[in-house]
Number of protein chains: 2
Amino acid sequence: MSSAHRIGSLLTTEGHRLTTGRRAVVEAALASDDLFSVADVQRLVPRIGRATVFRTMRLLVDLDLVCRVRLEDGSLRYRLRVAPEHHHHLVCTGCGSVEDFSDCGVDAVSKTLAGRTKYEIQGHRLELYGLCPTCCVSSG
Amino acid sequence: MSSAHRIGSLLTTEGHRLTTGRRAVVEAALASDDLFSVADVQRLVPRIGRATVFRTMRLLVDLDLVCRVRLEDGSLRYRLRVAPEHHHHLVCTGCGSVEDFSDCGVDAVSKTLAGRTKYEIQGHRLELYGLCPTCCVSSG
DNA sequence: CCCCTCAGTGATACCTGGTATCAGTTTCAA
DNA sequence: TTGAAACTGATACCAGGTATCACTGAGGGG
Ligand SMILES: [Mn+2]
Ligand SMILES: [Mn+2]
Ligand SMILES: [Zn+2]
Ligand SMILES: [Zn+2]
């Protein structure tokens, strides 16, 4: 069973209709780079309306099938959610490739900070930026 | 010597002109909430052109007089830079108030991750979200 | 202190990325 | 097969930010 099929099944079991538009967007997401934008998807499915692409991306995020990655400049990228537990991203500023990591060590800091500030801490966002081995060499 | 004056001096010593527009924007920033948007500033100086407000904010950021804070939804806020060294923000999701903190403990994680992934890590962004003591009580 | 110059201004148009609307279409359960 | 309603997509719209460019005023040299 292909990823596309699995995602399709999940859509229907969650009570959503499996339309051609959604199928196309899912295929495009699967065929995209590690880190892709809505624009990337649109390019792959030019016959599907812009609004539908945005709506479908939101749906996939809501269903935890893809995750949003916010870049340094504030722009959004998407990525198939292969690591569904709490995790963060190490993003290559050269080529955009991404490494997931989960042992962020922020919880300890959160606790300390909660004590000091009396805030009730609800969560955090952490992203690391750097150059992947390939980009390291070619820029080095 | 007021903050406005100090900022004005810094502008001129850095070779920028101290125009009425810039003065007004600085005054507005000083009069604003802890965490303010460009729109907040615009509301306070409606006679100053939109472009000028944006340009002045960028100038203030470039001069390290204010820092940008990216909210969970990706939108930008500004804040007078009282803690100019490397630091992060603990943002109240209730009222928007902010605590700075600097001992984020991410460098250790960076080192570990650099070893494991062979990335050359350049930096990170960390933001914590929670409820400040006041909002804690009122939502409690 | 008064010019002159050029940094700065602001109206306007434009751009990107995303949402609201709504008449028309398609899905899918009955 | 059929109909309710979920979905679509053209379009208009919005927010936030930038490019342009004729005009202006800040402020240093004379
Ligand atoms: Mn991820
Ligand atoms: Mn700060
Ligand atoms: Zn790379
Ligand atoms: Zn609060």
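In the text below, chain A, chain B and the rest are named by the order of the sequence lines, each starting its count at 1. Scope of the values below: all heavy atoms of this structure, side chains included, with no hydrogens, waters or symmetry mates.
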Report the distance from atom [atom1] of [X] to atom [atom2] of [N], rounded to the nearest whole Å.
X	N	atom1	atom2	value
B:R23	D:dG25	CZ	P	14 Å
B:R17	D:dT24	CZ	C1'	11 Å
A:R70	C:dG17	CZ	P	12 Å
A:L76	C:dG17	CG	P	10 Å
B:R68	D:dG16	CZ	P	14 Å
B:M57	C:dT9	CE	P	14 Å
A:R22	C:dT26	CZ	C1'	12 Å
B:F54	C:dG8	CZ	C1'	17 Å

I'd like to know if the side chain of [X] reaches the main chain of [Y], judged simply by a donor and an acceptor atom lying under 3.5 Å from each other, with no hydrogens or angles considered.
X	Y	result
B:R22	B:R17	yes
B:S110	B:V106	yes
B:D40	B:S37	yes

Rounded distance (nearest 0.5 Å) linking atom CZ of B:R81 with atom CG of B:D64: 5.0 Å
B:T19 vs C:dA7: side-chain N/O to OP1/OP2 distance below 4.0 Å: no
Which nucleotide sits closest to the side chain of [X]: [options]?
X	options	result
B:T52	C:dC28, C:dG10, D:dG9	C:dG10
A:L18	C:dT27, D:dG9, C:dC28	C:dC28
A:H16	D:dC7, C:dG18, C:dG10	D:dC7
B:A51	D:dA26, D:dA19, D:dG17	D:dA19

Distance-only donor-acceptor test (3.5 Å): side chain B:R55, base D:dG17: no
Distance-only donor-acceptor test (3.5 Å): side chain A:R50, base C:dG18: yes
A:C92 and B:Y119, any side-chain heavy atoms less than 4.5 Å apart: yes
Sub-4.5 Å side-chain heavy-atom contact between B:C67 and B:H87: yes
B:D100/B:R79 under salt bridge (Lys or Arg N to Asp or Glu O under 4.0 Å): CA gap, chis, key distance, verdict: CA-CA 11 Å; B:D100 287 317; B:R79 142 162 241 257; 2.9 Å; yes
Sugar-phosphate only, base, or nothing, as touched by A:R58 at under 4.0 Å among non-hydrogen atoms: sugar-phosphate
Close residues, residues 39-49 of chain A, relative to DNA chain C [heavy-atom separation under 4.0 Å]: none
